[in-house]
Structures are given as structure tokens and as C-alpha cells.
Amino acid sequence: MSSRFFAGIDSIPFEGPESTSALAFRHYNPDEVVMGKRMEEHLRVAVCYWHNFVWPGTDPFGGQTFDRPWFPGDTMDLCRMKADAAFDMFQLLKAPYFCFHDYDVRPEHDSHADNLRDLQVMTEYFAGKMEETGTKLLWGTANMTSNRRFMGGASTNPDPEVFAFAAATVKACMDATHALNGENYVLWGGREGYETLLNTDLGREDAQMGRFMNLVVEHKHRIGFKGTILIEPKPQEPSKHQYDFDVATVYGFLKRHGLENEIKVNIEQGHAILAGHTFEHEIAMAQALGIFGSIDMNRNDYQSGWDTDQFPNSVPEVALAYYHILQGGGFTSGGTNFDAKLRRQSIEPEDLLIAHIGGMDVCARAVKAAAAMIEDGALSAPLDARYAGWDTPEAQDMLAGKRSFEEIEAEVLAKDIQPVAKSGRQELLENIVNGYV
């Protein structure tokens, strides 16, 4: 069954850079080959379910602005109508993947049994839509934020019954993701953090969260799920301080609980900015630590202090992100999920398509720029030259622990070593990047 939500709009074509159509790709050509791989395979674009089909256009200061025929989405018939519109949009964009929370696709009930029943019904409905359209599932996840029961966290909640309800919910979502051949499962985006230390036991909550994540991994292996388990770092919102603050914090957590070889990270641009980092910093850190998995592509308004989830529009920013992704070998099970939403005044159905067209075009341009920099050695050659001194046998011995402080000091005295400062050439490197974008 198809919806009428996008009636009168045809499949979005690639028309090239000279196109003036708002409903055409200018740079995203899924079949264009870059570094021996099709653009579609580089980006692995996913459309998120929540911002596009669930969010009503509210903000902290105003109510609903979007008028969708499936709102409020509190019956199974409305959930099916929403799914029909969603899969129409996936097809119009030729997006190979989508992502969803359990809360997005079914009505919310107080009873886990009712939630489970409706999720299973919608899982079967999704399976039919996926077979019909060829759209695949990049990842599934569970909403552990919206319901009142999770106001004090999910796995870190002081009430063990909430922990148990969360465990049952995640199990159900993992089972649904597995049934739909999802390529990843994401945690968590919830309230795993604190508002005040006056009522928080940090050690206890860390232990609870560690046990919960081990339960996730144990269930993954029990059901034979071949996808990747991902944690999404987030520094703030909704809690004052989230336990998954950034990539480095998540890695420390994984090491502490013996999970560093089981779980990777899904990095969101907006969250990186809230943590005081850049997107490329978080990606490069994850690559260096061996836990890079996937990305949520969005941006923040740099004049606002919260996560505004806007579509990407800066090729230089995004090019540096894909530079580190491609340098690390590109995506395996991960991809580019547009965890971005329209502005409250963009109320027409075609605005959903236009936003994604622009975002996909920005990402395609960024991938081509990143690939060119890699192929030309534009950044790697200067980087190698800067660290070339460490390739000498003497320097390697220091790193390998073969020389003590006393031996190093003796060499400095014997050779009268007097280091000469060398330029970092940052401005030159920035100019090089700008030459590609």
C-alpha cells in the first residue's frame, strides 16, 4: 500500500551541478565511482523515522506546527499510515537505509506486553514494506527518554523495576532489528546521567550501566545477531551530565566493563559540538581507539546552546569528517544517518525531501573532496613528514621501552641535543583543504 502524502512528486533524479530544480540531486549520484566504490556504498545513507514522521514541530517555547495525517499516531491504523508515508519517502530519495526507535513505530502503552505485541505487528509490516521497496534497516534502537518511567534514567535508574522494564524493551527492539536484518543496534540517547550529585551514586550507576551493556552483548550472541552494537556519545540533553559524554569517555567505560571488543560508537555531529569537540575530532578519536562504527549527520546552530539537529550545509566541515572515515577504510556496517529535522516553519511535505536532497548533496561533495585529498596525499604527506623523526631506530627504542630515563638523559648530554622548533604550518594545511572544497 502507498500513501498519498507525497502525491504529485516523482522519484528524485540526479540532474548534475547545473540543475535548478529543488527536487533533483546536483551532486549525489549513487552510481558515481570514487576511490573504486560507488557513492551509495560510501555514504550508506539512512533516513531517520523519528524527526521526519514523529516529531510534531514543537520546541521549548511552542507547540505543534506540522500537520500530518497520521498524528497523533496512537492507533495501529495510524502507525501503518505513517509507515506507508515513510517508505514512500525512502523510495523517492532512493535512500538505501532507514533507522527507527520502537516508540516511533507503535503506540506507547503502560504495559510491556502491549508494547511488545504492537512492535511485533509493526515489525511484520515493516518486513513487507522492505521486501516491496528494497529499503534496508541500518539500525534499530529503543526510546529511553520520552516516557515518564525513564525520567531518572533507564539502566542507571535507582528503581530496579525500571532497569527490568528497560531490559525487556531493549530485548524486544534487538529482536525486531534482528528479524529485519538490521546491520547495527544503537544504544542509547537516553537519560543515562544525572541532574545533581545530591541524589546520585556515580559508582552504583556505572556498575548498573555496565551490567546492562553486558546483557545487550550476551543477547546479541544468544540470538545470533551479526550486526554491530553501537553506543551514541552525548554530553548533555536531556541530563545535565551524560555518562556517555564523548568518544573517549565511552571508550573508558567500555574498557572498564570488558566491552571494548564488543561495542563501537555511533557519532553525531551535534553531540560532538555539545561536548566541545569537532565532528572530525570524535571520528578520528574513535578510529584511533578502534571503536568507530557509524555517524548521525546533522549540525547545531552555533549561536544556540543546545542540539538543534539541522541538516548539514557546510562542505568544508563535512569533508574533514569523511576524510577521517575514508582514511580509516570507510564504513563497514555503519552509514550516514540523517538525524536531522526540519525547521518548525518548514511545514510542507516536499520540505522533507528538499532537506534530505541538500544534505545528501553536501555529503557527496564532501566525500569527493576527501577522496581527492587522500589520493593526492595532500594532508598525509605533510603529516608523515612532521613525525618522520620517530621512524629512526633511536626514537623507536624509546617508544618500545628499551631505554630508561637515565639512558635517554645520557644521550642528550653526549650528543648535546638542542631541539630546533619547526613550524606546524597550520595555515598552509587549512589553505590546502580549502583548495579541495
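The first residue of the sequence shown is numbered 1, and numbering continues consecutively from there.
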Does [Y] offer a backbone N or O that forms a donor-acceptor pair with the side chain of [X] under 3.5 Å?
X: D74; Y: P107; result: no
X: R191; Y: G152; result: no
X: T75; Y: L78; result: yes
X: T65; Y: R344; result: yes
X: N266; Y: E232; result: no

* With sequence neighbours excluded, residues passing side chain to side chain donor-acceptor pair (under 3.5 Å) with Y49 ->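 By the side chain to side chain donor-acceptor pair (under 3.5 Å) rule, Y49 matches no residue at all.
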* Asked: Using 30° and 60° as the class limits, which term best fits the ring planes of W70 and F53: parallel, tilted or perpendicular?
  ->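 W70 vs F53 ring planes: tilted.
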* **Qualifying side-chain hydrogen bond (donor to acceptor under 3.5 Å, both in side chains) pairs, either residue in residues 359-382, two or more places apart** => E32-K368, D376-Y436
* Structure fact -> Residues pairing under side-chain hydrogen bond (donor to acceptor under 3.5 Å, both in side chains) where one sits in residues 302-315, two or more places apart or in two chains, turn out to be H51-D309, H271-D307, N298-D309, R299-N313, Y302-E317, T308-Q310
* Asked: How about N115 and E108: do any of their side-chain heavy atoms sit closer than 4.5 Å?
  -> yes
* Asked: For the ring pair F66 and F71, is the centre-to-centre distance below 6.0 Å?
  ->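 No, too far apart.
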Is the closest side-chain donor-acceptor distance between [X] and [Y] under 3.5 Å?
X: T135; Y: K129; answer: no
X: E205; Y: Y194; answer: no
X: D104; Y: N143; answer: no
X: S155; Y: E192; answer: yes
X: R80; Y: Y125; answer: no
X: T336; Y: Y322; answer: yes
X: H221; Y: E262; answer: yes

* Asked: Are there more than 12 heavy atoms of other residues, nucleotides or ligands under 6.0 Å from atom CG of N431?
  ->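 Counting other residues, nucleotides and ligands, CG of N431 exceeds 12 neighbours.
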* Just wondering, more than 12 heavy atoms not from K37 lying within 6.0 Å of its NZ? ->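 Atom NZ in K37 is packed in, count exceeds 12.
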* Do K234 and D244 pass the salt bridge (charged side-chain N to carboxylate O under 4.0 Å, His left out) test, and can you show the C-alpha distance, the side-chain angles, and the key distance before you say yes or no? -> CA-CA 6 Å; K234 186 174 186 180; D244 49 0; over 6 Å; no
